[in-house]
Each structure stands twice: as structure tokens, then as C-alpha cells.
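In listed order, ligands and their atoms are each counted from 1. When a residue number appears, it is its place in the shown sequence, counting from 1. Nothing here was measured: the structure is a model prediction, and the numbers come from that model.
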Amino acid sequence: MRQPSARVDALRQQLADKSLDAIVISSGSNRRWLTGFTGSAGSVVLGTSTAHLISDSRYYEQVERQAPDFELVRAGYQTNQTLNTLLTALGARRVGFEAEHLSVAQLEGLRKALPDIDWQATDGLVTRLRAIKDADEIAIIRRAVRLADQAMEHAYAIARPGMTELELAWQLEVFLRERGAESLAFDTIVAAGENGALPHHHPSDRPIAAGEPIVIDMGARVDGYCSDLTRTFSIGPATDPDYAAVWQIVSAANRAAEAGLRAGLTGPEGDALARDPITEAGYGDHFGHSLGHGVGLDVHELPRLSQLAGDAPLEPGMVVTVEPGIYLPGRFGVRIEDMVLIGPDGAEVLSGVAREPSLVPSAV
Ligand code: ZN
Ligand code: ZN
């Protein structure tokens, strides 16, 4: 891992820009990114020259081991009282909190317990920093991507007519876990036939038939970092006469986006790279979601490749998915998703597993 201090420095710059004396970070992924601490509870208090991590007795040893750059504050279960004591000792008055993570009730609790603090809502300070990955993060992400690639190859090898969606999903989960994934990045999607037209279908006990398109969307979590991969294929020649053409349109749109993505484009411009050819092919109304999203400690994080994203430009070091899809209700869906690394002049496609519309019968 990069030394936390580089990340701490970046966040301190944000404090300076916003004239904050300190910020309290309590969301899990942001806390982990900033400190290295992987536990499920704790509040980071980052000041302009101080770094504390308040946690409870379950985590004292873990904090000291994983977050040596942060001074452990032993809170017991009196988190707000401990926070009050600490901020008072630091002389902090203007203190930021994470507006996108704190509930209204939690904020009211803070205001009540710490009446002298001038609480300032901040939005996305850490998540925007997290969007740009450093070399260590990219190395971990490559491992998570490779594992998903291998699992998809396994799917190609074991998928048989008569298997249920759930059976195939379970085989993929076993494969990923046995090869070192600490967990799935998200619940695996295996969606056969008309189920493939539901982008977030949950696997069922429906058997997979020969010749029907199967959408598999899965990812591994490795050292905290996620991968996200989708392929669509049929076992043997597809029975739906439009499938092959639709698959080619989606695959070409995916390639067009991968060829065109680079630093400097906005989210809407990135989205258009795949949306325009799909619209020109007459399927614009059947591509209902955005083109992609950032991937890191969270499987969905900044930036967004979306018509609704703002005009913040893509930057080198961002890792995003490219996942165009066409969904024909009652018939089938096709989605092809890779992960790519944004560079100054283009994008490196990280996902490497082959894509084929139909597995040849000899391989079945
Ligand atoms: Zn996915
Ligand atoms: Zn995705």
C-alpha cells in the first residue's frame, strides 16, 4: 500500500481549501483508504497536523497494527464524548463531517453532544480523491480483474444445458473463493433467456437451455478491492434470430468506448461513446442504464460514465467499467462489461477474458 501520508496530505489540502480545522471520517471505505484500518467501526479525526483514529475495544490492537500513522484513541463505547474531548484538546472549531454518510439522527446526536463545534457539511472530499488510483491500488485491482477473468473462463468450461442459474452462480462463487477472493464483490448475476433482459436479475432455479443467451456479471474482492466483469453467451447456436446481431452491436459499442475513453472527457462524453452507436443501430431505448462506474474499494464509486454525471473530466489513474447493454423484454439481454484504466491519451483495457456470442458445440 502507498504510505497513508500521501492520502492524508491530499485530504489536508482539502481542509485548507475549505478552511476546516479538522474533518471526521466515519464511512468504512473512506476510513480504510485513509488509514489502512479494515475494521468495521471507528472515526478518523484528521486535523491540519494531527491524525487520530477513535475506535472501540474490539479494534484497539488492529488499529495499532494496521494504522500506525494514526494515533489510536480508546473510546470504549462513548464515541461522541471521546470526540468532544479530542476536538476540544485540538482546539478545533470548524469541523467537517461527511454529509453523504452521516444520517440526520447521527448529525443531531453530534450537535447535541458537541455544541461548541461549528459543523460543516462536506460532500465527497474523500470519494473524489479515491477515484484516482495509485500504483499499489492498480496492482491489487489487476489481481481482482484477473481472478474474475479466470472465473469467466471457468463458466465457459462448465456451463451446460440443464444447469440452473443458481448452480452456475454457486460454481463461480466457489471458484473465486478457492482462488483467493476474500469475498464476492457483489452477488453474482446469472440470467438466462428472458431473465437477461432484467439488468439486476437474481439467479433462480430456472434451468439454462441450449441456445439461449446467458448474462453473467460477477466480481471478486481482493485485498479490499473489487472487480466487475460481464459476458453474454449462448451454449451452442442461439435460437433467437436477432441475438447474434444484437450481440455484435453491444460488443462494437463496448470496443468503441474502450478505444475512445481518455483523460479529459466528461462522464456524459464517455457515456456517448457507446450510447451513440447503439442509438444509431435503433436500440437506444433498450440501453436504460449508464455506461459505467468507477471501481475500487467499493464496486460502485466515482467517477460515473453517465448522461447525468457532471462535467468533471476523467483523470489518469481512474478505473472504470465499460458496460453497454441492450435488453429486449421477454426475450433476452446482452451486456458486455470490461474494466479499464484511464490514461492521458487513452484507456488500457484491464479485463482480458475472451468474448464470444456462442460457445461452439464442440466445446459444450
Ligand atoms: Zn457488473
Ligand atoms: Zn458494473
Side-chain angles (χ1 to χ4, degrees), residues 29 127 130-131 133 137 141-156 165 168-169 172-173 175-176 181 183-192 195-203 213-222 224-233 247 250-251 253-255 257-258 261 267 270-271 273-275 278 286-309 314 318-327 332-342 347-355:
S29 297
T127 50
R130 277 174 48 203
K133 274 64 181 179
E137 292 178 296
I141 288 170
R142 284 183 195 278
R143 286 165 50 212
V145 167
R146 181 76 193 118
L147 203 48
D149 279 347
Q150 290 168 339
M152 193 64 78
E153 283 164 4
H154 185 61
Y156 296 163
E165 294 172 341
L168 187 49
L172 296 176
E173 180 165 354
F175 184 96
L176 288 168
S183 69
L184 301 180
F186 53 90
D187 289 342
T188 299
I189 295 170
V190 176
N195 289 340
L198 308 167
H200 287 121
H201 174 70
H202 288 281
I214 309 163
V215 179
I216 298 181
D217 188 347
M218 65 177 161
R221 189 184 294 274
V222 173
Y225 285 80
C226 298
S227 54
D228 190 2
L229 171 74
T230 306
R231 290 290 182 266
T232 304
F233 60 88
W247 190 97
V250 172
S251 183
N254 174 288
R255 297 281 193 217
E258 291 176 350
L261 279 173
D271 180 270
L273 293 170
R275 192 169 305 280
I278 287 175
H286 297 280
F287 176 20
H289 55 75
S290 57
L291 179 62
H293 52 87
V295 184
L297 287 169
D298 292 327
V299 71
H300 292 106
E301 56 179 51
L302 294 175
R304 294 191 299 156
L305 299 182
S306 160
Q307 294 172 299
L308 302 176
L314 297 174
M318 289 179 164
V319 173
V320 296
T321 66
V322 174
E323 49 180 308
I326 292 176
Y327 308 94
F332 64 87
V334 174
R335 180 167 65 257
I336 298 174
E337 174 180 32
D338 290 332
M339 280 170 59
V340 308
L341 170 62
I342 302 293
E348 178 193 351
V349 180
L350 301 177
S351 308
V353 67
R355 57 176 76 169

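- When every heavy atom of T230 is checked against every heavy atom of M152, the shortest pair comes out as C-CE, 4.2 Å.
- In terms of heavy atoms, A185 sits closest to A220 at CB-O, 3.7 Å.
- Looking at E337 and the Zn ion (ligand 1) together, the shortest N, O or S contact belongs to OE1.
- The Zn ion (ligand 2) has no N, O or S atom of H300 closer than 2.8 Å.
- Using a 30° and 60° split on the angle between ring planes, H300 and H293 fall in the tilted class, from 30° to 60°.
- Residue E323 approaches the Zn ion (ligand 2) most closely through its N/O/S atom OE2.
- The side-chain tip of R275 points at the ring of F287 from less than 6.0 angstrom away and within 45° of straight on.
- At the Zn ion (ligand 1), the vertex angle linking OD1 of D228 with OD2 of D217 is 150° (nearest 10 degrees).
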